[in-house]
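Protein chains get the first letters and strands the later ones, always in sequence-line order, with residue 1 at the start of each. Just the heavy atoms: all of them, side chains too, but no hydrogens, waters or symmetry mates, feed the values below.
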Amino acid sequence: MTVNAAIEVKNLIKIYKGTASPAVNNISFTIEKGSIFGLLGPNGAGKTTTISVLCGLIKPTSGEATLLGLSLKNQLAEIKQIIGVVPQEIALYPTLTAYENLRYIGNMYGLKGRNLKNIIHEYLEIVGLEEHSNHRVETFSGGMKRRINLIAGILHQPKILFLDEPTVGVDVQSRNLITEHLHLLNKKGCTIIYTSHLMEEAENLCSTIAIIDHGEIIATGVPKALIKENASENLEQLFLKLTGKKLRDQIIDN
Amino acid sequence: MLRLFSTIQKELIILLRDKGGLTIMFIMPMAMITIMALIQDAPFRDFMEIKIPLLIVNNDKGNFGTTIERGLKEAKIFEITNMLLDPDVVKLKVKSGDYEIAIIVPEDASASLNSKIGNFVTKKLNEAGLADSSEIKENNFPSELNLSILFAPDTKKSFKASILSSLKQATSKIETQTLLDLFKKELKQKEVETSKDEPMRDFVNFKEINTVETPKEALKLNSVQHNVPAWTIFGMFFIVITMSGSIIKERDDGSYTRLLTMPGSYITILIGKITAYLFICLIQCFLMLMVGLFLLPHLGLPQLVIGNNIPAIFVVAVSTAIAATGFGVLVGTIFKTHQQSSTFGSVSVVILAALGGIWVPVFVMPESLRMLAEFSPLYWALSAFHTVFLNDGTIQSILPNAFKLTIFFVFTLSLAFLYTKKSRH
C-alpha cells in the first residue's frame with residue numbers, strides 16, 4: 001500500500017449480470033490522503049459503479065481496493081465507519097424536520113445525546129439553516145435541501161467523503177456555500193471523492209481528477225496540468241476532446 | 001440498539017405525519033367494520049338466527065291446526081302470526097315480503113282427517129275380523145286433505161324442501177297419533193283406554209351436542225362477531241400499501257443507498273421498520289376491537305364478545321401483524337414504483353380477503369373456494385380470532401394458525417432478502 005494513499009484501486013472490474021461489456025473495465029488508480037479527487041465522465045461511463053463499489057454497495061467482479069489501508073473485501077464494516085456519502089438524490093425524509101433527519105442519521109453512526117445535538121446545530125449554523133432546524137424538509141427549497149443533504153454525509157466527520165453531484169440544481173449562493181464548506185472539510189484532512197458534470201466547478205474544486213469513459217480511465221492528474229498537456233483552454237474543452245461530442249443518453253435500470 | 005430505536009422513532013414520526021396513510025390504516029377499517037356490520041346484520045340474522053316470519057291461517061275447528069302450529073313453534077325458527085285471512089290476501093302478504101311462508105289449514109281439517117283415518121282403521125280391522133262394527137261411514141269431505149303453503153318468491157329450493165319436510169314430519173305425527181287413538185277405540189281394550197290421553201312420544205330422538213363445552217357455547221357467529229375481526233385483519237393487512245410505499249420511497253430518494261453505506265447491518269434498520277409498523281398494526285387492532293365493544297352496540301348491533309383470554313388475543317394480533325408487515329416488505333422490495341406496489345398490494349389483499357372469508361364467511365362459500373381459503377393468511381388470522389372469541393380458545397388452541405402466520409412472515413422476508421441479494425449483484 002502507498003503510505004500516503006486514502007484509496008487504492010487495483011484492476012477493478014465490474015460486470016453486471018446479463019450485460020456483455022463491463023461497467024468498469026480493469027481500472028487502477030490512487031487517491032492521495034487529503035486530496036479532492038474528481039471522478040469525471042459522461043453518462044454511463046462507470047463513475048457511479050466505481051463509487052458504489054468503493055462504498056461497499058456492490059461487489060466487484062474482480063480486483064481489489066483499499067480505503068485508508070482497509071480492505072474493501074474483508075474490512076467493509078470498518079470502512080463504513082470512516083466514509084461518508086452524499087448521494088445525488090436528496091436522501092432525506094421530507095416529513096421530518098431538518099433536525100429530526102440529522103438526528104436519525106447521527107444515531108445511525110452511533111452519535112447521540114448532547115454531543116449529537118451540538119454537532120447538528122453547529123453544522124446547521126454553518127450552512128445557514130439554524131433557524132429552520134424545526135421545519136419540515138418538504139418545505140425547504142432545493143438549495144436548502146442540498147445543504148442538509150451535505151450535512152447528513154459529514155455529520156460523523158468521515159475521513160473519506162463521497163459526493164455524487166452535490167450541487168446539481170441548486171442556486172449560486174448555495175453552491176458557493178457548499179463548495180466553500182467542502183474546502184474547509186478538506187483542510188481538516190477529509191479526502192473528498194467528487195463526481196460532477198459541472199466542469200468549471202470540478203476545475204476549481206479538485207486537486208486531482210480522473211476522466212473515465214466506457215469503464216476505463218482515460219486521463220488522470222492535476223486539472224491544470226492535464227489541460228495544458230492536451231492543449232485545451234479549460235476542463236470542459238479537455239473533457240469534450242477526450243470523450244467526444246457524441247450524446248450519451250443513458251437508460252437507467254432500476 | 002440505538003439504531004433500532006432510532007429507526008422505530010423515525011418511522012413512527014413519519015407515519016403519524018402521513019395523513020393519507022393514517023386514513024388508510026385507521027379510518028378506512030373502522031368505517032368498513034361499522035358499515036359492513038350494519039349491512040350484514042340482517043343477512044346474518046337470517047342465516048344464523050333464522051327467525052322466519054310465518055303466517056298461519058288456521059281455519060280448522062279441531063286440534064289438527066293447533067297441533068301444526070304448536071309443532072312449528074317448537075321448532076323455534078319461526079316468528080309465527082296467526083290470523084284468519086282470505087287466501088288472496090295471504091298470497092299478497094307473502095308476495096310482498098311481509099311473510100316468508102304462509103300455511104293455510106282448511107276448515108274441518110281435523111274432522112276430515114279423523115273421518116279418513118277412521119274409515120281406514122275400520123276397513124283394516126274388518127279385514128282382520130277384529131272389529132265389532134263393519135260400517136264405513138260416508139262423509140262429504142274431499143278425498144284428500146290439502147294444506148296450502150305459500151312461499152315468498154325468493155325462497156331457495158333447499159329451504160322450501162326443509163320446511164316441507166318439517167311439516168310432513170309434524171302431520172305424520174298427527175296422523176299416527178290419530179290412527180293409534182282410533183285403533184284403540186275400535187278394539188275397546190280396557191287397559192289401553194286408561195292411557196288414551198297419553199300423547200305419542202318419539203322413539204328416536206336427536207340430541208345436539210355442542211363441540212364447545214364452555215359457558216359461551218350458546219354464542220353464535222353474528223354480523224359483529226364476523227365483521228369486527230374480519231375487517232380488523234383486513235385493515236392490518238392493508239398496511240402493506242403504506243409500508244411498501246415507505247420502502248420504495250426510501251429506495252427512490254437515495255436514503256436506502258445512504259443507509260447501506262452506514263455502519264451496521266441493514267437488517268437492524270428493517271427490524272426497526274417492521275417493529276414500527278407492527279406497533280401501528282397492534283394499535284389498529286385495539287381500536288377496531290374497541291369499535292366492536294363500544295361503538296357498534298350504540299348503532300343497534302350486538303356487542304362484540306372477545307372472550308376472556310387477552311394473552312391469546314395478543315398472540316393472534318401479533319402474529320397477524322407480523323404476517324402483514326412481512327408481506328409489506330416483500331411488496332416494497334419487489335415492486336419498483338409506489339403505484340405498482342399500491343395497486344398490487346390492495347388487489348392482492350382484497351383477493352386474499354375474499355378467499356379468507358373476510359367479505360363473507362368461508363362456510364357459505366362453495367367447497368372449492370373453501371379449500372382455497374386454507375391458503376390465505378387472512379383466513380388463518382380470522383380462524384384464530386374466532387377460536388378465541390367464539391370458542392374461548394387458549395393460546396395453545398390458536399398456536400397452529402399463529403405458527404402459519406409466522407411462517408408466512410419468515411417466507412415473505414426470505415423472498416424479499418433473496419430478491420434484494422439477486423438485484424444488488
Student: Checking side-chain contact (heavy atoms from CB on, under 4.5 Å) against B/F409, which of B/T320, B/L330, B/V329, B/T325 comes through?
Tutor: B/T325
Student: Hey, can you tell me if B/F408 and B/F327 have their rings parallel, tilted or perpendicular (30° and 60° cut-offs)?
Tutor: tilted
Student: Going by distance alone, is a donor N or O of one side chain under 3.5 Å from an acceptor N or O of the other, for A/T97 and A/N134?
Tutor: no
Student: Verify the distance criterion only: is there a donor paired with an acceptor across the side chains of A/N43 and A/H197 at less than 3.5 Å?
Tutor: yes
Student: Under 3.5 Å, side chain of B/S246 to main-chain N/O of B/T242, donor-acceptor pair present?
Tutor: no
Student: Are a donor atom and an acceptor atom from the side chains of A/Y93 and A/E100 found within less than 3.5 Å of each other?
Tutor: no
Student: Using the rule side-chain contact (heavy atoms from CB on, under 4.5 Å), only one of A/I82, A/T191, A/L182, A/N186 pairs with A/L161; which is it?
Tutor: A/L182
Student: Identify which part of A/L96 has an atom lying under 4.5 Å from any heavy atom of chain B, answering side chain, backbone, both or neither.
Tutor: both
Student: Please test B/F335 against B/F344 for ring pair (Phe, Tyr, Trp, His ring centres under 6.0 Å), starting from the C-alpha separation and ending with a verdict.
Tutor: CA-CA 9 Å; B/F335 290 96; B/F344 177 83; 4.8 Å; yes
Student: At a heavy-atom separation under 4.5 Å, does A/L76 approach chain B through its side chain, its backbone, both, or neither?
Tutor: neither
Student: Does any backbone or side-chain atom of A/N101 lie under 4.5 Å from a heavy atom of chain B? Answer side chain, backbone, both or neither.
Tutor: neither
Student: Please state whether the side chain, the backbone, both or neither of A/L54 comes within less than 4.5 Å of a heavy atom of chain B.
Tutor: neither
Student: Taking side-chain contact (heavy atoms from CB on, under 4.5 Å) as the criterion, tell me which of A/L40, A/I193, A/I36, A/I192 meets it with A/C206.
Tutor: A/I36
Student: Is a donor on one side and an acceptor on the other found under 3.5 Å between the side chain of A/K14 and the backbone of A/N26?
Tutor: no
Student: Sort by residue number and list every member of residues 10-30 of chain B having a non-hydrogen atom under 4.5 Å from chain A.
Tutor: B/K10, B/I13, B/I14, B/R17
Student: Give the interface residues of residues 263-281 of chain B toward chain A, defined by a heavy-atom separation under 4.5 Å.
Tutor: B/P263, B/G264, B/I269
